[in-house]
Amino acid sequence: MTNLELSWALAEMGDLLELKGEEAFKVRAYHRAARALEHLEEEAAGLHVRGELERIPGVGKNLAKKIAELLETGRSTFLEQLRQEVPPGLRDMLAVPGLGAKSVRLIHQHLGITTLEELERAARERKIRRLPGMGSKTELAILRGLDMLKEHRDRVPLGIARPLGRLFCRQIAALPGVTRVEVAGSLRRGRPMVGDVDLLVGVKGPTEVKEVMARHPQVKEVLQEEANRLSLRTWAGVKVEIFLVPDDKFAPAWMYLTGSRAHLEELKRFTAGGRLSPESLGLPSNLEEVAASFSSEEELYSRLGLPYIIPEWREGRGEVLAAREGRLPAPLSPEDIKGDLHVHTCYSDGLHTIREMVEAARARGYRYLAITEHSRSLVVARGLNVEQLLAQREEIARINRELEDFVVLSGIEVDILPDGCLDLEDDILASLDIVIASIHSGFNQTEEQIMARLEAAMRHPWVDIIGHPTGRMLGRRPPYAVNLERLLELAAETGTILEINASPDRLDLDEDAARRAKEHGVILAVNTDAHDTARLDDMGYGITVARRGWLGAQDILNTRELDGVLKALKRNKRKWGQGSPPREERPRP
Ligand code: DGT
Ligand code: CA
Ligand code: ZN
């Protein structure tokens, strides 16, 4: 169980206790621990193994026991009991963005409301604003929250859907009678949040795919079963659709199930415009009508006189015409990535040593890696003070002397403090190879304040990259009040690089912002922000964001060899002009 899931469980306990009318100090304790877990970047599982759960801020014996149970069994008897005790309608109300447990309790007490429908009606009838401590703003927030909920309910982050899809593909592929298994739908297109996991299974002869998958340990219930389709829900609440298709009809079925609807419509409009008729496209209006009129997607597009359109582009955003006119780039691919410019080690809140991270990066074929710990103000993440940073720089220099074909850059992820100052002195920042500046506090500031902080950081001579520029946590925390257009203008003006943070919890900048950044001539770096060796693989999510933003290798900083990366950094541009780095100033002789 990850820190995030633990944090969710503790926060839910706190909320349910609040709904039950528990004392405020007790409720607060759960939320404090939940927040600590959320920001704690070392995995609690590791702390548990060492018997150190109580080192988490706000976690005492009682909470440590509850966390231990979650880690060991994946369940909590306490939480399950609380869920039994609180009416389900009130729990639904907790899920409304902008509505906390305190307000739900108040609304329930005063208006006797127990369902979302009643809540919406009360808000529309302007009954909420009359409650103590609430106003018309609260009422509006509730209505907006209800809208958001309707829109986002049941959507699953890519970071959960992709591994699940891969696991199921692998398992189904091993079953008799199965010729091929692929993911389809929005998951194949790489959308950051997907409605369900669509899997297409090619079959030949008799097969028991449906029977076996219905009994899968991760499957909670079978939602629907038809001759060639099985619809499931997992214990984690993810919907999975499994489609069976005769082996020789795989390609058209895959094309159809990948969608999107909007892309298929765009293709039909394009062909209706004269080149080919919709019928010759072989695109049916439903799966049953699928005709095996082409044997691969490549063949279909080429028959239409189009270059291959990758799934990430198939969103009906003008990609067909853009492909026709040659305006789509060669898509960024994993092999293009030459290094990772944002990782943490056990110097701060990471799990692994510099050497372990370096070995993992080399194993992925990288040429360089930037170590960028948190700075001292970020206490929850064990941020580095100046002494520790200098010690780390020494160690990195030692490691570099041993390495033949790889360079470790000594960097920092320096905090942009609430007043816009950086968390380390200029001379320290100047002495490093690379500096990322990020916001980790003061999320509730006004747009003016947030933009003043970002502007100060971007105008700072030693800030090369802005990390996770909008601060959003996917499906959990909205961005802070960033004016994106202004951010992009400033990045272009100051030559500051913006990050696509590839952590699937973030994906920040998102695909639309990335695409706009390119239009502004801003260079982007796809970084994992990995806190352990395994998470270096999150690069794949960042690549997906870049591809969906119509970006190619030339738009991404870390597709360049080290010299090219260094040349693009603000600190070096000033020193070196447009030329190459002088030999003696390279991090390695
Ligand atoms: P999602 O699941 O909401 O994140 O988005 P999708 O795109 O995966 O949508 P989904 O799962 O409902 O259907 C998967 C694909 O199947 C979709 O991208 C296109 C195709 N499809 C499904 N129903 C229809 C339909 O009624 N018309 C058309 N043209 N295509 C459909
Ligand atoms: Ca889908
Ligand atoms: Zn950060």
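Remember, it's 1-based here, ligands and their atoms both numbered in the order they're listed. Since the structure is predicted, the reported quantities are computational estimates derived from the model, not experimental observations.
- The Ca ion (ligand 2) lies closest to atom OD1 when only the N/O/S atoms of D196 are considered.
- The Ca ion (ligand 2) is closest to atom OD2 of D198 (considering only N, O or S atoms).
- Ionic pairing of R314 and E312 is not present here: no N-O contact between side-chain nitrogen and carboxylate oxygen is shorter than 4.0 angstrom.
- Remark: aromatic rings of H352 and H344 are distant, center separation not under 6.0 Å.
- Of all the heavy atoms in E315 and H263, the pair that sits closest is N-CB, 4.1 Å.
- Salt-bridge formation is detected for the pair R364/D537: a Lys NZ or Arg NE/NH1/NH2 atom is positioned less than 4.0 Å from an Asp or Glu carboxylate oxygen.
- When R188, M193, R261 are ranked by how near their heavy atoms come to atom 23 (N) of ligand 1, first place goes to R261.
- Of the polar atoms of D196, at least one N or O is found under 3.5 Å from an N or O of ligand 1, judged by distance alone.
- Around CD of E221, the count of heavy atoms belonging to other residues, nucleotides or ligands within 6.0 Å exceeds 12.
- Residue D198 has at least one heavy-atom neighbour below 4.0 Å for each of these atoms of ligand 1: 8 (O), 11 (O), 14 (C).
- Taking any N or O of S260, backbone or side chain, none lies under 3.5 Å from an N or O belonging to ligand 1.
- Heavy-atom proximity to V194, at under 4.0 Å, picks out these atoms of ligand 1: 4 (O).
- The G185 neighbourhood of ligand 1 comprises atoms 8 (O), with distances under 4.0 Å to a heavy atom of that residue.
- Residue contacts with ligand 1, taken as heavy atom pairs separated by less than 4.0 Å, involve R155 solely via side-chain atoms from C-beta onward.
- At most 12 heavy atoms of other shown residues, nucleotides or ligands fall within 6.0 angstrom of atom CZ in R166.
- At a threshold of 2.8 Å, the Zn ion (ligand 3) has a backbone or side-chain N, O or S atom of E413 nearer than that distance.
- Within the 3.0 Å limit, E241 places no N, O or S atom next to the Ca ion (ligand 2).
- Listed by atom number, the atoms of ligand 1 under 4.0 Å from T258 heavy atoms are 18 (O).
- A salt bridge does not link R261 with E265: none of the charged nitrogens is closer than 4.0 Å to a carboxylate oxygen.
- Nearest residue to atom 7 (O) of ligand 1 from R189, E241, E315, R314 is R189 (criterion: closest heavy atom).
- Look at D532 and R535 and you find no salt bridge, because none of the NZ, NE, NH1 or NH2 atoms lies under 4.0 Å from a carboxylate O.
- Near G259, meaning under 4.0 Å from one of its heavy atoms, ligand 1 places the atoms 18 (O), 19 (C).
- Ion pair R180/D247 not flagged as a salt bridge, since none of the NZ, NE, NH1 or NH2 atoms sits closer than 4.0 Å to an Asp/Glu carboxylate oxygen.
- Taking backbone and side chain together, H468 holds an N, O or S atom under 2.8 Å from the Zn ion (ligand 3).
- Annotation: G195 places an N or O atom under 3.5 Å from an N or O atom of ligand 1; distance criterion only.
- In this model, no donor atom of one side chain and acceptor atom of the other lie less than 3.5 Å apart for H531 and E43.
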